[in-house]
Structures are given as C-alpha cells and as structure tokens.
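What follows is a short report on a single structure.
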Amino acid sequence: MSNGRVITFGTFDVFHVGHLRILERARSHGNTLVVGISTDALNMDKKGKYPVYTQKERREIIASLRCVDETFYEESLELKGDYIQRFNAGVLVMGDDWQGKFDDFSDLCEVIYLPRTPAISTTEVIEKIRL
Ligand code: C2G
C-alpha cells in the first residue's frame, strides 16, 4: 500500500526535540513527508486555548526542516480521511498518545503509531521557563 508518501499531523507549539524526532522517524517510513499543522482555531476549539506560536509561525518552522517536504493547515480533526486522500498519502504516522485512534483509516493507507520521546513536552518547557 505504501507509495513512499507519509502524512502526519500536530500542533508543534514551542518546537522541541520530541517534535523533531517524530518527524524524522515519520520521514524514514517513506521518501516524502507531508505535515498537517493544526490551526489556531482548531486548538481553541479542542483545547480551549491558543498555542504560544501562531499557526503561521508554527508552519514556517516545520516547513524549514530538512525532513519535511510539504505542509498544510489541519482545519478539523474530522477531515483526516480527506487529507490522506488529497495528499495521496500511503502511510499515516502518529505519536502513540493517539494509539488506536486512527485505525479506521487503515483502509485508505498504512497506519503507524510511533513511541513519543519521553520526558519532554510543550507544557513542560513552558513550566520550566515559568519557574
Ligand atoms: N511528540 C513526541 N514526543 C513528545 C511530544 C510530542 O513524539 N515528547 C509527537 C506527538 O506524539 C505528535 C507530534 O509530536 O505525534 C505533535 O505533537 P503535538 O504538537 O502535541 O500535536 P497534537 O496536539 O497531539 O496533534 O490531528 C492531531 C492534531 O493535530 C493534534
């Protein structure tokens, strides 16, 4: 089923090494990596707050990475199937905090969950700076 095109999604706020590692590992499952950056509005809707960095800033950082080929804005969590088809993805990669959540898409593409990098998160970075 794999055509070398990998897709992944995330907010990637206050970019850190956990984000970098999942993107590099996602890319290693093919030869083209497409990344959906969740919009500010989607974050407000789902988490009740805006990210620290705007969607434009978050996208600019992700698009500059060597392992990333294409980026787009993820406007809704319900559109994953559409995005997979629109970007012709053969593989969907997500961190294992989403384990099992996207198994329904396995009729569209291969679905892989990768372990998160332990002991780092945007929330922890913000807490450290605050102290
Ligand atoms: N991640 C990781 N290790 C960490 C922190 C994050 O591997 N220590 C991964 C997450 O598992 C995710 C990606 O980095 O696959 C982006 O994480 P978030 O920015 O927290 O994205 P999230 O809010 O989970 O995505 O459709 C999904 C939405 O876009 C939300």
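Both ligands and their constituent atoms are indexed starting at 1 by order of listing.
- With 3.5 Å as the limit, one finds no donor-acceptor pair spanning the side chains of T32 and R5.
- Of the charged side-chain nitrogens involved, none lies within less than 4.0 Å of a carboxylate oxygen, so that E24 and R21 do not count as a salt-bridged pair.
- At a heavy-atom cutoff of 4.0 Å, ligand 1 is surrounded by F9, G10, T11, F12, H16, G18, H19, I22, S38, K47, E74, L77, K80, M94, G95, D97, W98, R116, T117, I120.
- At a cut-off of 3.5 Å, with distance as the only test, a side-chain donor of D103 or Y113 sits close to an acceptor on the other residue.
- Distance check, rounded to the nearest 0.5 Å: OH of Y73 to CZ of R59 gives 5.0 Å.
- Between the side chains of N43 and S38, at least one donor-acceptor pair of N or O atoms lies under 3.5 Å.
- Every residue meeting the ring-ring contact (aromatic ring centres under 6.0 Å, His included) condition with F15, not counting sequence neighbours, appears here in chain and number order: H19.
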